Amino acid sequence: MKNVDKYSKGYYMPPVDCFDWAKRERVEKAPVWCSVDLRDGNQALVVPMSLEQKLEFFTLLCRIGFKEIEIGFPAASETEYEFCRALIERNLIPDDVTVQVLTQSREHIIAKTFEALAGVKSAVVHLYNSTSVAQREQVFRKSKSEIIDIAVFGAKLLKNYAEETEGNFRFEYSPESFTGTEPEYALEITNAVLDVWQPTSDSKAIVNLPVTVEMSMPHVYAQQVEYMCKNLNHRDAVVVSLHPHNDRGCAVADVEFGLLAGADRVEGTLFGNGERTGNVDIVTVALNMFSQGVDPQLDFSDMPALVAAYEKYTDMRVYERQPYSGALVFAAFSGSHQDAIAKGMKYREEKGIDTWSVPYLPIDPTDVGRQYDGDVIRINSQSGKGGIGYLMEKQFGYNIPAKMRENLGYKVKSVSDRKHKELSPDEVKDIFTDSYVNISAPLFATESHYKQLDGGDIEASVTITVDGVSKVYTGRGNGRLSAVNSAVRQLVPFDYHIEVYQEHALTRTSQSLAVAYVGLLKDGEKDMIWGVGIHSDIIVASVNALIGAIDNALA
């Protein structure tokens, strides 16, 4: 591409020499989660949420399990202010939930913020100012010491207003544009704020390290976080928090590496909503932990309902391939994938395995409210016999013979290809029924009678209708189906033999049905021809399957 030299230099911060994070295998426990859906997420919406929508969304976040929720910037607008007051005055904040609000380091804004929080049970007041080289030089045009003065001024005001306002308060500081700030300077300004607040183990301060704009690869951010964790003043009394945005598409990796680097807390949104490319998706981070056996302490067990609520409140759409939450993330259209999933599921059942290791499925879809037959095995022109067979078994109870599944698979794929569409389970069943079940033309067995012969053979008298004319045909065999087959052969102008016969109960009720499958092979040919019979009497079902296979062969 043109103009690449434009980006080769600039304000990129080189990594610092901190690599302990890289020696850790995984995140071992859930961080403190802080949802910023109602502030950072809301300010990024084309049409911000109404007061009532925000109240409903807040209740949803509490139900999921968030214990810290950033509710807005009360000094920024009347709606934000009223939302904060409504939560407090209507007593809508659970005792174990802390609300968080954002403020700049300006006295009139801080004053309005504490006015909005008066009487709150527990709140975090989040102070920020930009510290990056670009912001210092281009926006504020101030020196490093002048930027520190802004932060310290705000820190002192927070402390003073908290002492004068009814409520319980903790403080958070963000050196905004942290990833574009020299690590040594970010440490200097943050320590200056902490020295004002003098946090203790009983009243910890939060230091938030925002990836305001993703400027580097995740391992660089991890080194910056580790550097801060190792050098912050009052470290035992500080909660180190992460707030990555997703400009490079690496926000999830930033969080995971940052937690390995020593961070304790994560700020993000459901499904990654936020300005530009959004915030880190807390759903993805949490379920990544879940997939490795770590309880994220958040409840995403009904993902379809959560997605519906989120889309209702935000008027945003969860992308179909969004990790864990998208409508198609567990869907397998490929025949080889479907076959592997079906065999993996069967293997778990056969072996009684409790741990999850099914091919192509990183977690059990049912753990997030998805279903195997509707969400996992999806049928189109790319599907295969394994997936179609699995769907027919789980959705409708048909344990189709292995050799028949390929034949059905070709029919289903042909229909999907011709119509250029995905087929629903009912449409697949219709293809199965129309192609195989109780076929009655050109031959139709209307009645059968059996007699035991000396020597153990069976004689069958079968009434067969052809083009409206009925006639009784007699045959003999070592079983009823064999005897019927002997009788029917008299009407068939080619030689064949029964290659496959299979039967099973289709339902387990007082009016149970039986299903029988017959696969015929014409002499000298290799492609089997199939018929399926369904009836309350297994013998009738078997005869119907045989006649259906012959009818398909004649056709």
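Please read all numbers here as calculations on a predicted model, not as lab measurements.
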J.: Look up atom CG in Leu287 and atom CD in Gln292, then write down how far apart they are to the nearest 0.5 Å.
T.: 12.0 Å
J.: Taking only residues two or more places apart in sequence or in another chain, which ones pass salt bridge (Lys or Arg N to Asp or Glu O under 4.0 Å) with Glu256?
T.: none
J.: Roughly how far apart are His420 NE2 and Arg418 CZ, rounded to 0.5 Å?
T.: 10.0 Å
J.: Cut-off 3.5 Å, side chains only: do Gln297 and Asp295 have a donor facing an acceptor?
T.: yes
J.: Judged by modelled atom types alone, do Asp299 and Ser301 share a side-chain donor-acceptor pair under 3.5 Å?
T.: yes
J.: Hey, what's the ring geometry for Tyr360 with His337, parallel, tilted or perpendicular (30° and 60° as the breaks)?
T.: parallel
J.: Donor-acceptor check, side chain of Thr446 to backbone of Thr463, threshold 3.5 angstrom: yes or no?
T.: yes
J.: Is any side-chain heavy atom of Arg265 closer than 4.5 Å to a side-chain heavy atom of His243?
T.: no
J.: Please evaluate residues Val285 and Trp33 with respect to the criterion side-chain contact (heavy atoms from CB on, under 4.5 Å), reporting the C-alpha separation (whole Å), side-chain torsions for both, the decisive distance (0.1 Å), and the verdict.
T.: CA-CA 11 Å; Val285 177; Trp33 302 105; 3.7 Å; yes
J.: Any luck finding a side-chain donor-acceptor pair between Thr277 and Asn246 under 3.5 Å?
T.: no
J.: Has the side chain of Asn279 got a donor or acceptor atom that lies under 3.5 Å from a matching backbone atom of Gly272?
T.: no
J.: Hey, is Lys67 close enough to Asp96 for a salt bridge, meaning N to O under 4.0 Å?
T.: yes
J.: Do Ser482 and Ile458 make a side-chain contact, defined as non-hydrogen atoms from C-beta onward lying under 4.5 Å apart?
T.: no
J.: Keeping the roles fixed (side chain from Asp302, backbone from Gly369), state whether a donor-acceptor pair exists under 3.5 Å.
T.: no
J.: Just by distance, no angles: are the side chains of His245 and Asp254 close enough, under 3.5 Å, to form a donor-acceptor pair?
T.: no
J.: Flag the pair His497 / Leu520 as yes when at least one side-chain heavy-atom distance between them is below 4.5 Å, and no otherwise.
T.: no
J.: Will you find, in the side chains of Asn288 and Tyr324, an N or O donor that is under 3.5 Å from an N or O acceptor?
T.: yes
J.: Could you check whether Arg370 makes a cation-pi contact with Phe330, meaning its NZ or CZ is under 6.0 Å from the centre of the six-membered ring and within 45° of the ring axis?
T.: no
J.: Take a 6.0 Å sphere around CD of Glu350 and say whether it holds more than 12 heavy atoms from other residues, nucleotides or ligands.
T.: yes
J.: Can you confirm whether Lys403 is buried at NZ, in the sense that more than 12 heavy atoms of other residues, nucleotides or ligands lie under 6.0 Å from that atom?
T.: no
J.: Between Arg378 (side chain) and Glu422 (backbone), is there a donor-acceptor pair under 3.5 Å?
T.: no
J.: What's the spacing between Thr59 OG1 and Leu87 CG if we round to 0.5 Å?
T.: 8.0 Å
J.: Salt bridge or not between Lys451 and Glu459? Use side-chain N to carboxylate O under 4.0 Å.
T.: yes
J.: Could you state the interatomic distance from CG (Asp40) to OG1 (Thr269), rounded to the nearest 0.5 Å?
T.: 7.0 Å
J.: Could you check Trp530 against Tyr517 for ring-ring contact (aromatic ring centres under 6.0 Å, His included), going step by step and ending with a plain yes or no?
T.: CA-CA 7 Å; Trp530 294 90; Tyr517 310 85; 7.8 Å; no
J.: Under a 3.5 Å distance rule, please check whether Gln490 uses its side chain to pair with a backbone N or O of Thr474 as donor and acceptor.
T.: yes
J.: Would you mind reporting whether Phe83 and Leu38 have side-chain heavy atoms less than 4.5 Å apart?
T.: yes
J.: Would you say Asn552 and Tyr436 make side-chain contact, with heavy atoms under 4.5 Å?
T.: yes
J.: Can you find a pair of side-chain heavy atoms, one from Ile547 and one from Ile439, that are under 4.5 Å apart?
T.: no
J.: Is it true that Glu214 and Arg248 make a salt bridge, defined as a side-chain N closer than 4.0 Å to a carboxylate O?
T.: no
J.: Taking Gln53 for its side chain and Phe57 for its backbone only, find out whether a donor-acceptor pair lies under 3.5 Å.
T.: no
J.: Quick one: do Glu82 and Arg90 make a salt bridge, cutoff under 4.0 Å?
T.: no
J.: Does Thr79 form a side chain to side chain donor-acceptor pair (under 3.5 Å) with Ser77? I'd like the steps, not just the answer.
T.: CA-CA 5 Å; Thr79 301; Ser77 73; 4.7 Å; no
J.: Donor-acceptor pair, Arg348 side chain versus Ile353 backbone, under 3.5 Å?
T.: yes
J.: State whether Glu28 and Arg26 are salt-bridged, where the test is any N-O pair (Lys NZ or Arg NE/NH1/NH2 against Asp/Glu carboxylate O) under 4.0 Å.
T.: yes
J.: When you measure from the centre of the six-membered ring of Tyr496, is the NZ or CZ of Arg489 under 6.0 Å away and within 45° of the axis?
T.: yes
J.: Out of curiosity, Tyr473 OH to Ser486 OG, how far, rounded to the nearest 0.5 Å?
T.: 13.5 Å
J.: Decide side chain to side chain donor-acceptor pair (under 3.5 Å) for Glu56 and Tyr313; before the verdict, give the C-alpha distance in whole Å, the side-chain angles of both, and the deciding distance to 0.1 Å.
T.: CA-CA 8 Å; Glu56 290 181 23; Tyr313 298 141; 3.2 Å; yes
J.: Answer yes or no: are there more than 12 heavy-atom neighbours, outside Asp315 itself, under 6.0 Å from its atom CG?
T.: no
J.: Between Val266 and Leu259, is any pair of side-chain heavy atoms under 4.5 Å apart?
T.: yes
J.: Taking atom CG of Asp430 and atom CG of Leu423, what is their separation to the nearest 0.5 Å?
T.: 10.0 Å
J.: Any heavy-atom pair between the side chains of Tyr501 and Ser542 that's under 4.5 Å?
T.: yes
J.: If we count only N and O atoms by modelled type, under 3.5 Å, do the side chains of Glu267 and Gln100 hold a donor and an acceptor together?
T.: yes
J.: Looking only at side-chain N and O atoms, does His504 offer a donor or acceptor that is under 3.5 Å from a partner on Asn399?
T.: no
J.: Apply the test side chain to side chain donor-acceptor pair (under 3.5 Å) to residues His535 and Asn438: give CA-CA distance (whole Å), side-chain angles for both, the deciding distance (0.1 Å), then the verdict.
T.: CA-CA 9 Å; His535 199 273; Asn438 294 343; over 6 Å; no
J.: Any chance you could lay out the side chain to side chain donor-acceptor pair (under 3.5 Å) test for Asp37 and Ser35, step after step, and finish with the verdict?
T.: CA-CA 6 Å; Asp37 290 90; Ser35 161; 2.6 Å; yes
J.: Give the C-alpha distance, both sets of side-chain angles, the deciding distance and a yes or no for side-chain contact (heavy atoms from CB on, under 4.5 Å) between Leu270 and Leu61.
T.: CA-CA 9 Å; Leu270 300 180; Leu61 293 170; 4.0 Å; yes
J.: Please check if the number of heavy atoms outside Tyr410 that lie under 6.0 Å from its OH is greater than 12.
T.: no
J.: Can you establish whether the number of heavy atoms outside Asp467 located under 6.0 Å from its atom CG is more than 12?
T.: no
J.: Apply the test side-chain contact (heavy atoms from CB on, under 4.5 Å) to residues Lys413 and Ile379: give CA-CA distance (whole Å), side-chain angles for both, the deciding distance (0.1 Å), then the verdict.
T.: CA-CA 8 Å; Lys413 290 197 291 185; Ile379 306 302; over 6 Å; no
